[in-house]
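Heads up: the structure comes next, in structure tokens.
Both counts, for ligands and for their atoms, begin at 1 and track the order of listing.
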Amino acid sequence: MDNRNPDTLDARIAAQAAEARRLSGQIVVGGRMQPALATGSFEVENPATEEIIGEAPRCGEADVEAAVAAASEAFPKWSRTKARERGATLIAAANHLERHLEDIARLSSFETGNALATQSRGEARTMVDILRYFGGLAGEILGDTYPGDPGRMLYTRRDAMGVVGAIIPWNAPLMQTTSKIGPALAAGNTVVLKPAEQAPLAVVRIFELLQEVLPPGVANLVTGFGDEAGRLICEHPAVRKITFTGSSAVGVRIMHYAAEKIVPVTAELGGKNPIIIMEDSDIDRAVGGILQGLRLQRQGQSCSAGTRILLHEAVYDRVIEKVIDGVSGFNIGNPLDEAVQIGSIISRKQFERVLRYVDMARETPGARILCGGDRPAGLEKGYFYTTTLIEGVPETSPVACDEIFGPVATVSKWTDFDAVLKQANDTRYGLAATLFTENLPAAFRFIEEIEAGFVQVNQFAVAEANIEYGGTKLSGLGRELSLASMIQHFTWPKTVFMNTSAA
Ligand code: NAP
């Protein structure tokens, strides 16, 4: 290590503070990072310290118009670039991001509160992997041919749609960015993306880097509020496809915007996901799955987090004891500290939401906080919260039904498999569901009957490139992260019917 520049926590914080200041006020339009036309801005906070670290433009009509115009201008050339050449450019862009992976990861930790060691660094690797994956698939966008009849030829081709509007949340902004732009660009579209107001700066940095590889106007970024910049992107007549990840409530609004102009929407939305543990399951494996499922590296702020833990009565006490023991072993603190495994909740608003639900549980007769339910000792500043398990809330309680999106889960006891399957499905959401068992027929029955898009048995893994991801019910529409989803959601089919006979 260079002793003149030791990589201490203070040095890391100072470096990221300087980077956040450099990126403040910037958007990326037409191939250049530049100040926005908008005069208004909003502050970006480091949730681990509650300090303001930068600001981002509050873009409105002028900036959205400029970004969509740049994307529209770039579209004809980009969509007609040979598919594998387009893919090679995206792979070069992925390689370029990879060279800056550590800096992007640190900046993301600085503004999201996600721990560098357990979340942001791995997420940055996934960000690169997803873009590279879609770059490699650009030549695989195939249509169909129909059986040949004499004198006629019938086939379909898949064409790029035009400008894609992409809106992402704050919980995993690095991988969300390439999950959106990867398939859109590989299929020949151009993009205007808006990051969430809580975590815009690392995405600005990603787009700044992308301009060093991609042709101007192919990937554009505006910052701003959802019901301003976000809405304007979705409503813009030149935006021919909307890809959205966020809450179910906003997903409904996005579908209204799209309905007004009949354009397709991919919507990856919320979840309240069951994890069922059967009496015959391998206890250590199940406990490991629950600890993974709580998604503590993101303070529980994951759409697929297993927040309804349904334990067979016969194993309830043993599993609870081990999970509480496991949870207490994580180190909570400043996300840039290499020894820290759990960082802070994203914002005061989200922190107060978590407090409200835990208070609601405290006031519920029969409910009991099994662990957590407070700030970690010694962390008085920043939105830090201990992992909280709650038992005894009725199934109809908002604590058991709503997506809290924090380090909070409910646990309950069951004895009858039919009843627990019904309970698992008794939710507005349908994103992820997990079962731990050694009973093969039960596993297949669960797979068949569970109403969720991402179903796992005897493991809790998270989304990655080449494993299709998405939900049903209020958890969304469409799929991501696979070749089939790229073709289905980022191209439109054209049927070609040719008379091949001589005149
Ligand atoms: P959110 O409030 O729905 O916001 C998501 C994005 O939509 C933000 O960029 C937001 O902008 C924007 N937005 C808000 N209102 C809008 C409008 N009227 N028109 C257009 N855009 C609008 O969600 P969040 O709090 O950021 O993220 C948490 C949610 O995302 C959770 O429900 C979680 O489950 C879900 N999520 C789902 C997946 C999945 O793959 N299924 C993955 C990750 C997260 P501003 O915030 O700047 O206003």
- Task: Flag the pair Ile332 / Leu379 as yes when at least one side-chain heavy-atom distance between them is below 4.5 Å, and no otherwise.
- Result: yes

- Is a donor on one side and an acceptor on the other found under 3.5 Å between the side chain of Gln34 and the backbone of Arg32? yes

- Note on the structure: Pocket residues around ligand 1 (non-hydrogen, under 4.0 Å) come out as Ile167, Ile168, Pro169, Trp170, Asn171, Gln176, Lys194, Pro195, Ala196, Glu197, Gln198, Gly224, Phe225, Gly226, Asp227, Gly230, Arg231, Phe244, Thr245, Gly246, Ser247, Val250, Arg253, Ile254, Tyr257, Glu268, Leu269, Gly270, Cys303, Glu403, Phe405, Leu431, Tyr469

- Task: Name the orientation class of the two ring planes belonging to Tyr469 and Phe454 (parallel below 30°, tilted from 30 to 60°, perpendicular beyond 60°).
- Result: perpendicular

- Task: Answer yes when Arg356 and Glu352 have at least one side-chain N-carboxylate O distance shorter than 4.0 Å, and no when they do not.
- Result: no

- Task: Could you tell me whether the side chain of Pro183 reaches within less than 4.5 Å of the side chain of His489, counting heavy atoms only?
- Result: no

- Note on the structure: Residues passing the ring-ring contact (aromatic ring centres under 6.0 Å, His included) test with Phe446, sequence neighbours excluded, are none

